[in-house]
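Report on the structure given below.
Below, read A as the first sequence line, B as the second, and so on, with proteins coming before strands; counting in each chain starts at 1.
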Amino acid sequence: MSVVVRMAPSPTGFLHIGGVRTFLFNWLFARQQGGRNLLRIENTDTTREVAEAVDQIKDSLLWLGIDWDGEPTFQLDRMDDCREIAQRLVAEGKAYEDEGAIRFRMPDEGATAWDDLVRGRIEVANETIEDVVLVRSDGRPTYNFASPMEDVWDGITHVIRGDDHVSNTPKQINIIRAVGGDIPAYAHVPSIFGTDGKKLSKRHGAVRVNEFRDAGYLPEAMVNFLALLGWAPDGETTIMSRDELVARFSLERVSSSPSQFDYAKLDWMNGMYIRALPEDEFAHRLVLWLGEHGYDWDAELVRKSAPLVQEKISKLGDFPGFAGFLFEDVEASVDGNAEVVLAARDALAALEPFTAESIEAALRGVVEELGLKPRQGFQPIRVAVTGSTVSPGLFESIELLGRETTLARLSAAAA
RNA sequence: GCCCCCAUCGACUAGCGGUCCAGGUCGCGGCCCUUUCAAGGCCGUAGCGCGGGUUCGAAUCCCGCUGGGGGCACCA
């Protein structure tokens, strides 16, 4: 039996990071099993907003490298089929009309049970399950009817979804049984909390995939981090490529307890991925990110400055704050330290060649001449040139900045 | 209120009866390196929620408690 799973976002807004983690698990499982991963939009109406949301969802998924097989399907398109089935169930006595709506007749005795792939066996007494509405009095099928029906029609073999659906599962199983469909295997993955143990929301920080993208996180780092939220291949491995994730993923090893989203660890991991990038690839991504986020900085200079920051930033969005002085004017004054700054200016005024190496030699000479420790001498120069006490390497920065601008900034700061 | 689920360092987790006076990673602290900040190296900090069982032996199995979460819609 070939595996078929589905990702079922509701088109109510932008893609939530918690939902994406669930989609990632579907994707990893499907790819590993050589199965199909479907994209199903659970919309109950069709509006411009829905269309936009769907585009947004596709875009975010693709950015992360989570793809799907075949065309996305829309729940709305199958409402007629649902109504037909509901009528049949009524005719068979398995459902009944109730004030214009159609309700499903749940079994009164016994229990409904399934072996959840992550939770283990779950049993629910049938007497505690109410007769759910299948079709509303206005004719629209409900989620608890449409969703399992679509699972049947699509031949879904494994339903991998958030654990907020655990209590819907026995209802859906009974409905599938009533229509004679195959019951898929279920895997309910735990939810993701914020740092206060409450459900992850904007309060805690970024929650939409888009926000992470805008902040300059790398998709491969996001995928690695998300995969490790509620799943681990062993107790040692942390950094894993997409291929390794696919190869090692298993639903049986998905944790049954919820986990907190640790932004600090994500930052660390993203830094790991940034540093692991080949120099030119990193430069390339920086240029793209800057272009997409409203910076019209010289691409060539960005590429040249990329190596200076690759070891220092944890996300692409850190670049402007760190290397912006190369592209925009700075304001700085070094009152009390004018002497070393002016000496530096004089030493660099006619320096040939104007390279990081020669600049370093010249400035070390200046500092030594004045009897200063490197730290004492270089810091005022750094402030004068970069406008900040924190910067990329000073000598490389000065080389990139160029003689003219450097001298002007040194003079201005000492004034 | 009723149903269901969950419980190892601050966080993510490994552990599926002895190899665990509990291992890895982030964070945090210290040291080294060092032109700042990072990165990197080394060292360290910190945990099996509580109470009963079962067993020669329990983080691991069972029960209860406590704490947390989800659901109980003609929402999805």
Side-chain angles (χ1 to χ4, degrees), chain A residues 8-12 41-44 75 98-103 116 118-120 122-125 127-130 132-147 161-171 188 190-195 197-199 225-239 252-253 255-269 271-272 274-275 308-314 318 321-322 359-360 363-364 367 372-383 386 388-398:
Chain A
S10 50
T12 47
I41 309 298
E42 303 198 317
N43 61 322
T44 50
Q75 190 163 88
D98 175 31
E99 294 188 42
I102 298 177
R103 280 186 188 277
D116 198 283
V118 341
R119 301 301 184 97
I122 299 178
E123 278 192 44
V124 181
E127 58 181 346
T128 65
I129 310 173
E130 74 279 9
V132 295
V133 169
L134 261 23
V135 180
R136 300 179 181 83
S137 51
D138 66 2
R140 291 154 57 230
T142 58
Y143 164 81
N144 266 322
F145 182 39
S147 184
R161 61 188 3 173
D163 68 357
D164 48 330
H165 287 292
V166 169
S167 54
N168 286 328
T169 304
K171 301 172 189 171
H188 288 97
S191 39
I192 295 177
F193 291 157
T195 39
K198 300 271 168 50
K199 253 197 160 165
F225 179 77
L226 254 19
L228 254 20
L229 234 39
W231 174 79
D234 54 51
E236 317 294 311
T237 317
T238 304
I239 302 292
E252 286 70 23
R253 288 191 66 87
S255 162
S256 47
S257 57
S259 43
Q260 291 189 23
F261 195 101
D262 186 347
Y263 291 91
K265 189 164 185 175
L266 205 214
D267 281 354
W268 164 79
M269 188 172 282
M272 292 290 286
I274 281 183
R275 277 170 254 130
L308 308 197
V309 303
Q310 188 166 5
E311 295 271 301
K312 298 174 184 294
I313 63 177
S314 66
D318 294 339
F322 212 73
I359 292 165
E360 174 166 6
L363 292 184
R364 282 194 189 281
V367 166
L372 296 170
K373 289 180 178 168
R375 184 192 193 99
Q376 296 174 304
F378 291 141
Q379 203 59 351
I381 300 174
R382 180 191 314 285
V383 169
T386 70
S388 166
T389 55
V390 175
S391 80
L394 181 57
F395 318 120
E396 293 80 0
S397 295
I398 289 176

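Rounded to whole angstrom, the span from the CZ atom of A:Arg140 across to the P atom of B:A76 amounts to 6 Å. Between the CG atom of A:Leu228 and the C1' atom of B:G24 there is a distance of 11 Å, given to the nearest Å. Between the CD1 atom of A:Ile192 and the C1' atom of B:U13 there is a distance of 14 Å, given to the nearest Å. As a whole-Å value, the separation of A:Leu266 CG from B:G27 P is 12 Å. The OH-P distance, from A:Tyr263 to B:U25, rounds to 25 Å in whole Å. Straight-line distance from the CD1 atom of A:Ile129 to the P atom of B:C2: 18 Å, rounded to whole Å. Counting to the nearest Å, the C1' atom of B:C12 and the CG atom of A:Asp267 are 15 Å from each other. Taking atom CD of A:Glu127 as the reference point, atom P of B:C4 lies 10 Å away to the nearest angstrom.
Comparing the same atom, C1', in B:C12 and in B:A73 gives a spacing of 36 Å after rounding to whole Å. Nucleotides B:G24 and B:A14, compared at atom P, are 15 Å apart to the nearest Å. Comparing the C1' positions of B:C9 and B:C26 gives a spacing of 12 Å, expressed to the nearest Å. Only the P atoms considered, B:C5 is 26 Å distant from B:G52, to the nearest whole Å. Nucleotides B:C62 and B:G18 have their P atoms positioned 16 Å apart, rounded to a whole Å. Between the C1' atoms of B:A59 and B:A22, the separation comes to 8 Å (whole Å). The separation of B:G70 from B:G30, taken at their P atoms, amounts to 38 Å, rounded to a whole angstrom. For B:G10 and B:G27, the C1' atoms lie 8 Å apart once the distance is rounded to whole Å.
Applying the salt bridge (Lys or Arg N to Asp or Glu O under 4.0 Å) definition to pairs two or more places apart or across chains, none involves residues 256-265 of chain A.
Both A:Phe261 and A:Ser10 sit near RNA chain B, but only A:Phe261 has its closest nucleotide nearer the 5' end. Each of A:Asp262 and A:Asp234 was matched to the nucleotide of RNA chain B holding its nearest heavy atom; the match closer to the 5' end belongs to A:Asp262.
Between the A:Asp234 side chain and the A:Thr237 main chain, a donor and an acceptor come within less than 3.5 Å of each other.
A:Asp116 pairs by the salt bridge (charged side-chain N to carboxylate O under 4.0 Å, His left out) definition with nothing, not counting sequence neighbours. Take A:Asp138 and apply the side-chain hydrogen bond (donor to acceptor under 3.5 Å, both in side chains) test, not counting sequence neighbours, and it matches A:Arg140. A search for salt bridge (charged side-chain N to carboxylate O under 4.0 Å, His left out) contacts involving A:Arg253 returns nothing, not counting sequence neighbours. In this view, A:Glu396 satisfies the side-chain hydrogen bond (donor to acceptor under 3.5 Å, both in side chains) rule with no residue, not counting sequence neighbours. A search for side-chain hydrogen bond (donor to acceptor under 3.5 Å, both in side chains) contacts involving A:Ser255 returns A:Ser257, not counting sequence neighbours. Judged as a side-chain hydrogen bond (donor to acceptor under 3.5 Å, both in side chains), and not counting sequence neighbours, the contacts of A:Gln75 are A:Glu150.
Taking only side-chain nitrogens and oxygens, A:Ser147 never comes nearer than 4.0 Å to OP1 or OP2 of B:A76.
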Please write out each protein N/O paired with an N/O of nucleotides 66-74 of chain B under 3.5 Å, distance rounded to 0.1 Å.
residue, atom, partner, partner atom, Å
B:G71, O4', A:Ser167, OG, 3.4
B:G71, O2', A:Ser167, OG, 2.6
B:C74, OP2, A:Arg103, NH2, 3.0
B:C74, O2, A:Ser137, N, 2.7
B:C74, O2, A:Ser137, OG, 2.9
B:C74, N3, A:Ser137, OG, 3.1
B:C74, N4, A:Glu99, O, 3.0

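A:Leu228 places a side-chain heavy atom less than 4.5 Å from the side chain of A:Pro233.
Heavy-atom neighbours of A:Glu127 CD from other residues, nucleotides or ligands within 6.0 Å: at or below the threshold of 12.
The partner of B:U54 cannot be assigned: no Watson-Crick or G-U wobble pair with both contacts below 3.5 Å exists in any strand. Remark: B:A38 base-pairs with no nucleotide in the shown strands. Criterion, Watson-Crick or G-U wobble with two distances under 3.5 Å. Shown here, B:A11 forms a base pair with B:U25; the pair counts as Watson-Crick or G-U wobble because both key distances fall under 3.5 Å. When both distances must be under 3.5 Å, the Watson-Crick or G-U wobble mate of B:G67 is B:C6.
Residue-level contact check: A:Arg161 touches neither bases nor backbone, having no heavy atom under 4.0 Å from any strand.
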Legend entry - Under 4.0 Å protein heavy-atom contact, by nucleotide of nucleotides 32-47 of chain B - B base, S sugar-phosphate only: ---BBBBSS-------
Inset, instruction - Carefully, step by step, assess A:Leu363 and A:Phe395 under the rule side-chain contact (heavy atoms from CB on, under 4.5 Å). - result: CA-CA 9 Å; A:Leu363 292 184; A:Phe395 318 120; 4.0 Å; yes
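In the set B:C6, B:C4, B:C12, B:C12 carries the atom at the smallest distance from any side-chain atom of A:Ser259.
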